[in-house]
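Written out below as structure tokens is the structure these notes cover.
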Protein chains: 2
Amino acid sequence: MTGTDVEVQLREAGLRVTRQRVAVLSVLHDHPHTDTDTVIRRVREVAGDVSHQAVYDVLRALTDTGLVRRIQPTGSVARYEVRVGDNHHHVVCRSCGAIGDVDCAVGHAPCLTASDPHGFVIDEAEVTYWGICPACAAEAAAS
Amino acid sequence: MTGTDVEVQLREAGLRVTRQRVAVLSVLHDHPHTDTDTVIRRVREVAGDVSHQAVYDVLRALTDTGLVRRIQPTGSVARYEVRVGDNHHHVVCRSCGAIGDVDCAVGHAPCLTASDPHGFVIDEAEVTYWGICPACAAEAAAS
DNA sequence: CGCCCTTTCTGGAACAAATCAAGTCTTTGT
DNA sequence: ACAAAGACTTGATTTGTTCCAGAAAGGGCG
């Protein structure tokens with residue numbers, strides 16, 4: 001994704017194009033599942049001085065317009081990824097917190113329709129798989 | 001669940017039986033999906049003075065031994081519920097954050113097996129449904 | 001091209017949730 | 001009942017996030 005693509009994306013979402021926003025979006029494109037602190041550091045690497053507040057504001061603006069998705073597994077800080085059309089899910093390592101993408105096996109799966117939602121109007125089903133990542137499994141086996 | 005039941009539960013988990021732990025467990029039995037702050041208030045109602053640190057410690061101990069489950073939907077503070085055998089999931093209101101239980105429709109559902117887990121060893125699939133609760137839906141319709 | 005209005009960014013402070021640390025008290029096995 | 005291990009209390013600290021007021025930058029219009 002080029003810088004121009006990012007600009008188009010911003011304009012189509014009705015957002016102004018600023019150095020900070022372009023930087024945040026491209027950082028998230030290159031590094032999915034990044035926590036806020038890392039976003040700040042990476043943004044500063046590519047765009048020079050940017051206040052942490054600006055990054056928080058941008059992340060909020062992008063989340064509100066649906067350009068990025070915010071995820072926050074239990075015990076983890078907020079993480080962000082660019083929202084892509086597919087309905088993919090995440091696998092989280094219980095040991096180190098690493099996150100991986102998992103494609104939704106069967107599109108709109110039947111079991112993702114709640115059996116008795118107590119009157120809730122449901123618009124999304126989010127799946128989080130918990131387990132051990134290869135690296136942590138190897139480390140555990142070695143010790 | 002009586003106080004004695006809770007004591008037995010604690011002993012079987014290899015934990016000492018203290019006033020604070022009994023209080024936390026019974027509070028969670030009576031009020032599922034409670035956030036830490038509310039747990040503290042309720043515990044003090046039934047057990048008198050208890051430091052917030054004690055509650056944090058107890059919740060951590062109970063979580064580590066598997067007696068309670070910690071859940072934390074994106075944008076919410078940590079919430080706790082007593083771990084019951086069934087593999088139920090949660091529905092969260094986007095508007096007010098209310099949480100409801102949803103039974104897992106089909107036990108160990110096939111679509112909860114990740115298609116390509118990238119080498120992760122998965123031991124649990126957690127489903128969070130997002131939507132609008134009846135109360136918030138009514139309020140939105142009224143305005 | 002340059003002005004003005006609106007939106008956004010900066011810098012600093014404030015806040016809430018959660019954790020850390022040292023010392024005291026309590027539970028429990030003998 | 002006694003000692004040792006574990007749990008709790010008090011108080012401070014860290015961490016992640018948000019609030020606020022003023023300065024700066026985008027982008028439509030003359």
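All heavy atoms count here, side chains included; hydrogens, waters and symmetry mates do not.
Put simply, CZ on R11(A) is 17 Å from P on dT7(C), counting in whole angstrom units. In this structure, CG of L10(B) is placed 15 Å from C1' of dC8(D), rounded to the nearest angstrom. What separates OH of Y80(B) from P of dA17(C) is a distance of 12 Å, to the nearest Å. The distance from atom CG of L59(B) to atom P of dT19(C) is 10 Å, rounded to the nearest whole Å. Distance, R21(B) CZ to dT26(C) P: 15 Å, rounded to whole Å. Distance, Q20(B) CD to dT9(D) C1': 10 Å, rounded to whole Å. A straight line from CD1 of I40(A) to C1' of dT18(D) spans 13 Å, rounded to a whole angstrom.
Between the side chains of D101(A) and H33(A), at least one donor-acceptor pair of N or O atoms lies under 3.5 Å.
Nearest nucleotide to the R16(B) side chain, out of dC8(D), dC9(C), dT26(C): dT26(C). When distances are taken from the side chain of S51(A) to each of dC8(D), dT6(C), dT10(C), the shortest belongs to dT10(C). The listed nucleotides are dT18(D), dA5(D), dT10(C); the one nearest the side chain of Y56(A) is dT18(D).
Nucleic acid contact for D49(B): sugar-phosphate only, since backbone atoms but no base atoms lie under 4.0 Å from a heavy atom of the residue. A78(A) comes within 4.0 angstrom of the backbone, heavy atoms only, and of no base.
The pair E124(B)-R94(A) meets the salt-bridge criterion, with a side-chain N (NZ, NE, NH1 or NH2) lying under 4.0 Å from an Asp/Glu carboxylate O.
For the atom pair SG (C93(A)) and CD1 (I99(A)), the distance works out to 10.5 Å, reported to the nearest 0.5 Å. Atom OG1 of T65(B) and atom CZ of R60(B) lie 12.5 Å apart (nearest 0.5 Å). Going from atom CZ of R83(B) over to atom CG of L67(B) covers 10.0 Å, rounded to the nearest 0.5 Å.
When the side-chain nitrogen and oxygen atoms of T18(A) are compared with OP1 and OP2 of dC9(C), one or more of them lie within a distance under 4.0 Å. In terms of phosphate contacts, Q72(A) brings no side-chain nitrogen or oxygen within less than 4.0 Å of OP1 or OP2 of dG16(D).
Hydrophobic clustering (ILVMFWY, side-chain heavy atoms < 4.5 Å, transitive): Y80(B) and L15(B) are in one cluster.
Separation of the H90(B) and H88(B) ring centroids falls under the 6.0 Å cut-off.
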Enumerate all atom pairs, one protein N or O and one N or O from nucleotides 19-21 of chain D, separated by less than 3.5 Å.
{"unit_1": "dC19(D)", "atom_1": "N4", "unit_2": "Q53(A)", "atom_2": "OE1", "d": "2.3"}

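Taking for each of L15(B) and T36(B) the nucleotide of DNA chain C with the nearest heavy atom, the 5'-most of the two is the partner of T36(B).
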